[in-house]
Amino acid sequence: MSDQKTPAWAVAEADALAARSVNCEPPGALAEKLAEKRPLRVKLGVDPTAPDIHLGHTVVLQKLREFQDAGHTAVLIIGDWTARVGDPSGRSSTRPMLSPDEIDRNAETFRRQADLVLDPERTEVRSNGEWFAGMTLADVLALTSHVTVNQLLRRNDFATRMADDRPISMLELVYPLMQGYDSVMVEADVELGGTDQLFNLMLGRELQARMGCPVTQVSLTMPLLVGTDGVQKMSKSLGNYIGVTEPPEEQFGKAMSVPDATMAEYYRLLVPAEPGPTGHPAAEKRRLGRLIADRFHGPGAGEAAEEHFNRVTRDHKAPDDVPEHVLGPDDPVHLPALMVAALGLPSNGEARRLIQQGAVSLDGVPVADLDVARERLSGAVLKAGKRRFARLVAGD
RNA sequence: GGGGGGAUGCCCGAGUGGCCAAAGGGAGCGGUCUGUAAAAUCGCCGGCUCAGCCUACGGAGGUUCGAAUCCUCCUCCCCCCA
């Protein structure tokens with residue numbers, strides 16, 4: 001086990017595989033494993049709590065892909081059972097539980113989207129329901145016998161909540177054990193995760209050792225990608241995310257709205273092969289937006305998205321592909337109702353407000369009236385706010 | 001088992017009988033500015049074809065001319081003691 005015996009090539013390879021990571025624990029362990037010259041089993045667990053993958057997920061997925069490209073096996077664990085519990089990591093409060101149906105649907109979507117980053121050929125997909133569904137109470141007790149509450153409470157999320165007298169559910173306490181047991185079952189050599197996962201990953205290592213698993217895993221954690229708000233970590237529920245399946249124009253637009261200070265981190269974590277930003281922030285952000293759109297929608301998508309952006313956002317013009325909306329028989333037309341129908345606004349009141357605030361126009365001419373003659377609407381482009389459009393056409 | 005505290009709009013949080021569609025903050029949306037960045041600034045922010053009406057302060061009843069505010073029961077949550 002002495003570090004001296006680890007060959008230099010293995011150390012170099014370990015360094016390369018640990019690029020951009022925050023932790024790679026324990027020190028030297030990855031190199032030792034690589035020195036064994038066998039394909040490592042690299043585990044990544046994802047809880048299908050939200051169906052869509054966003055760029056934050058891709059940071060870790062990309063790392064997993066790098067392991068695949070180096071000849072190792074990716075073990076993607078869909079946490080259909082852990083999702084029922086809710087991971088407390090990085091959370092200040094308990095998560096709501098999801099219904100089995102919801103979980104299944106999410107898992108399916110997630111799996112499909114993960115293949116945008118991973119090499120499906122070298123991905124072993126498992127569901128932890130495989131081993132959790134059939135567990136008896138005796139099994140569960142045996143599992144819990146390996147850790148102490150004190151040990152679990154040392155974890156930061158719990159410690160601060162204890163200090164603040166905020167609730168910690170039993171289920172949450174069990175979560176790290178479940179995740180750790182996954183590692184035992186798939187015999188993971190390496191487990192990847194965000195920095196918030198370090199505790200869970202280390203516990204997995206301990207469980208493996210205590211439960212007689214032939215390997216103990218290396219914990220490799222990646223930085224958490226900050227959201228488009230530049231403040232909180234990217235997450236669907238905070239609405240500060242860029243989804244991998246979003247339309248390229250959306251991705252480009254969202255990339256443009258990222259704070260300047262955050263841009264360098266996006267370059268580093270999302271497009272590590274590209275040179276970082278050195279020019280004018282606006283130009284570099286455009287490049288970033290193009291790279292992101294290209295990556296998930298193919299070459300050329302970025303350029304098209306940028307043109308769309310120029311047209312709609314910079315020049316305040318309607319895009320080429322304005323969706324059509326067929327007018328009803330009313331005359332005059334009640335504009336708020338029309339806006340709800342044609343533009344998907346949440347309520348007539350919202351539409352009414354936009355009109356009052358001068359945010360609504362017909363063919364570029366601001367509208368102030370709530371009721372508009374049908375004749376004036378027919379054939380016109382209705383616009384509300386910066387980027388909601390509909391081309392109105394007369395019905396029959 | 002005993003005692004105490006709490007549940008308010010997307011989130012946090014004020015409000016303890018009328019002046020409450022409910023302070024304040026955050027988030028969000030819109031206008032101006034701009035690089036859809038930051039900063040600034042003005043406005044909106046329950047629903048309704050809207051000077052009015054309707055629905056709302058955990059749930060169900062009740063007291064009252066009038067209840068987010070008082071009473072009863074219920075549900076859920078937190079803390080302390082055991």
Side-chain angles (χ1 to χ4, degrees), chain A residues 91-97 158 161-172 226-242 246-267 277 279-290 292-293 305-317 319 328-341 343-361 364 366-374 377 382-389:
Chain A
R91 284 267 167 161
S92 51
S93 56
T94 309
R95 278 180 199 249
M97 285 201 265
F158 294 143
R161 276 202 259 164
M162 283 295 274
D164 297 350
D165 278 346
R166 271 177 295 143
I168 298 168
S169 82
M170 204 60 188
L171 248 32
E172 292 175 279
V226 71
T228 52
D229 57 358
V231 181
Q232 290 179 280
K233 84 168 184 180
M234 185 174 284
S235 94
K236 175 121 181 169
S237 54
L238 293 171
N240 60 359
Y241 69 99
I242 301 177
E246 284 190 89
E249 305 84 48
E250 255 345 89
Q251 294 178 330
F252 187 91
K254 285 185 178 181
M256 288 302 286
S257 74
V258 166
D260 288 1
T262 308
M263 186 173 35
E265 188 71 349
Y266 271 44
Y267 266 99
H280 184 84
E284 293 293 23
K285 227 179 279 181
R286 280 171 177 268
R287 179 160 68 93
L288 177 67
R290 286 195 303 268
I292 291 170
E306 184 171 20
E307 275 164 34
H308 181 273
F309 173 88
N310 288 342
R311 185 176 174 85
V312 175
T313 306
R314 189 190 61 192
D315 304 334
H316 302 291
K317 287 194 212 139
D330 297 359
D331 191 7
V333 178
H334 187 56
L335 202 49
L338 173 66
M339 287 166 66
V340 170
L343 304 173
L345 291 172
S347 70
N348 288 11
E350 180 72 27
R352 186 180 284 263
R353 263 169 239 133
L354 288 173
I355 295 167
Q356 277 159 4
Q357 296 187 119
V360 179
S361 65
V367 195
D369 309 307
L370 294 179
D371 294 283
V372 180
R374 202 160 181 279
L377 295 172
L382 175 66
K383 180 185 183 191
K386 286 179 205 131
R387 25 180 304 201
R388 271 183 287 247
F389 298 93

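Below, each value reflects all heavy atoms present in this structure, side chains not excepted, and no hydrogens, waters or symmetry copies. Protein chains get the first letters and strands the later ones, always in sequence-line order, with residue 1 at the start of each. Note that this is a predicted model, so its numbers are computed, not measured.
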By nearest-heavy-atom nucleotide on RNA chain B, the more 5' of A:V340 and A:F252 is A:F252
For B:rC19 and B:rC53, measure between their P atoms and round to the nearest Å. 14 Å
A:R286 side-chain proximity, nearest of B:rU49, B:rU36, B:rG30: B:rU36
Across all strands shown, which nucleotide pairs with B:rG1 by Watson-Crick or G-U wobble geometry, both distances under 3.5 Å? B:rC81
Answer for the Watson-Crick or wobble partner of B:rC70, both distances under 3.5 Å, is B:rG62
Here the distance between atom P of B:rA27 and atom CD of A:Q232, to the nearest Å, is 10 Å
Phosphate OP1/OP2 of B:rG47: any A:R353 side-chain N/O under 4.0 Å: yes
Is there a side-chain contact between A:I292 and A:K254 (heavy atoms, below 4.5 Å)? no
B:rU36, B:rG35, B:rG43: which one has an atom nearest the side-chain heavy atoms of A:P281? B:rG35
Within residues 308-317 of chain A, residues whose heavy atoms come under 4.0 Å of RNA chain B: A:F309, A:T313
Interatomic distance where CG belongs to A:D369 and C1' belongs to B:rC50 [whole Å]: 16 Å
I'd like to check A:R387 versus A:T313 (side-chain heavy atoms, cut-off strictly below 4.5 Å). Are they in contact? no
Looking at the base of B:rG47, is there any donor atom on it, or on the side chain of A:N348, that sits under 3.5 Å from an acceptor on the other one? no
So, does A:N240 use its side chain to make a donor-acceptor pair with the main chain of A:K233 at under 3.5 Å? yes
NZ of A:K285 to CG of A:D260: how many Å apart, nearest 0.5 Å? 4.0 Å
Separation of the C1' atoms in B:rG58 and B:rG52, to the nearest angstrom: 31 Å
Is there a side-chain polar atom (N or O) of A:R352 under 4.0 Å from OP1 or OP2 of B:rG47? no
Any donor-acceptor pair, under 3.5 Å, between the side chain of A:Q357 and the base of B:rG43, if you only look at N and O atoms? yes
Hey, does A:L354 reach any base, or is it just sugar-phosphate, or nothing, if we go heavy atoms under 4.0 Å? sugar-phosphate
Starting from P on B:rG31, measure out to CD1 on A:I355 and report it in whole angstrom. 14 Å
For a side-chain contact (heavy atoms from CB on, under 4.5 Å) check, start with the C-alpha distance between A:V360 and A:L382, then their side-chain angles and the critical distance, and finish with the verdict. CA-CA 7 Å; A:V360 179; A:L382 175 66; 3.9 Å; yes
Rounded to whole angstroms, how far apart are CZ on A:R387 and P on B:rU36? 13 Å
Rounded to the nearest 0.5 Å, what separation is found between the CG atom of A:L343 and the CD atom of A:E350? 11.5 Å
Calculate the interatomic distance between A:I242 atom CD1 and B:rA37 atom P; express it in whole Å. 14 Å
Separation of the P atoms in B:rA67 and B:rA60, to the nearest angstrom: 15 Å
Comparing A:V333 with A:E249, nearest RNA chain B nucleotide closer to 5' gives the residue A:E249
Can you check the distance between B:rU64 and B:rG15, where both ends of the measurement are the P atom (answer in whole Å)? 28 Å
Rounded to the nearest Å, what distance is computed from the CG atom of residue A:D229 to the C1' atom of nucleotide B:rU36? 15 Å
Answer for the Watson-Crick or wobble partner of B:rC44, both distances under 3.5 Å, is B:rG28
With a cut-off of 6.0 Å (strictly less than), are more than 12 heavy atoms of other residues, nucleotides or ligands near CZ of A:R311? yes
Taking the cut-offs as 6.0 angstrom to the six-membered ring centre and 45 degrees off its axis, would you call A:K317 and A:F389 a cation-pi pair? no
Hey, does A:P259 reach any base, or is it just sugar-phosphate, or nothing, if we go heavy atoms under 4.0 Å? sugar-phosphate
pair A:P277-A:L288: side-chain heavy atoms closer than 4.5 Å: no
A:D330 side-chain proximity, nearest of B:rU49, B:rA37, B:rU36: B:rU49
Taking only the side-chain heavy atoms of A:E350 (C-beta and beyond), determine which of B:rG35, B:rC29, B:rG47 contains the nearest atom. B:rC29
Give the rounded distance in Å between these two atoms: CD of A:Q356 and P of B:rC48. 13 Å
Short side-chain N/O contact to B:rG47 OP1/OP2 from A:S347, under 4.0 Å: yes
On a whole-Å scale, what distance lies between the C1' atoms belonging to B:rG1 and B:rU16? 32 Å
Interatomic distance where CE belongs to A:M263 and P belongs to B:rU36 [whole Å]: 13 Å
In whole Å, measure the gap between the C1' atoms of B:rC10 and B:rA56 for me. 15 Å
Under 4.0 Å between any heavy atoms, over every strand shown, what does A:K386 touch: base, sugar-phosphate, or nothing? Just pick one. sugar-phosphate
Partner of B:rC76 by Watson-Crick or G-U wobble geometry, both contacts under 3.5 Å, or none? B:rG6
Test side-chain contact (heavy atoms from CB on, under 4.5 Å) on A:H308 and A:F252; report intermediate values, then the result. CA-CA 9 Å; A:H308 181 273; A:F252 187 91; over 6 Å; no
B:rC76 versus B:rG43 - spacing of their C1' atoms, nearest Å: 40 Å
Whole-Å C1' distance, B:rG46 and B:rA21: 7 Å
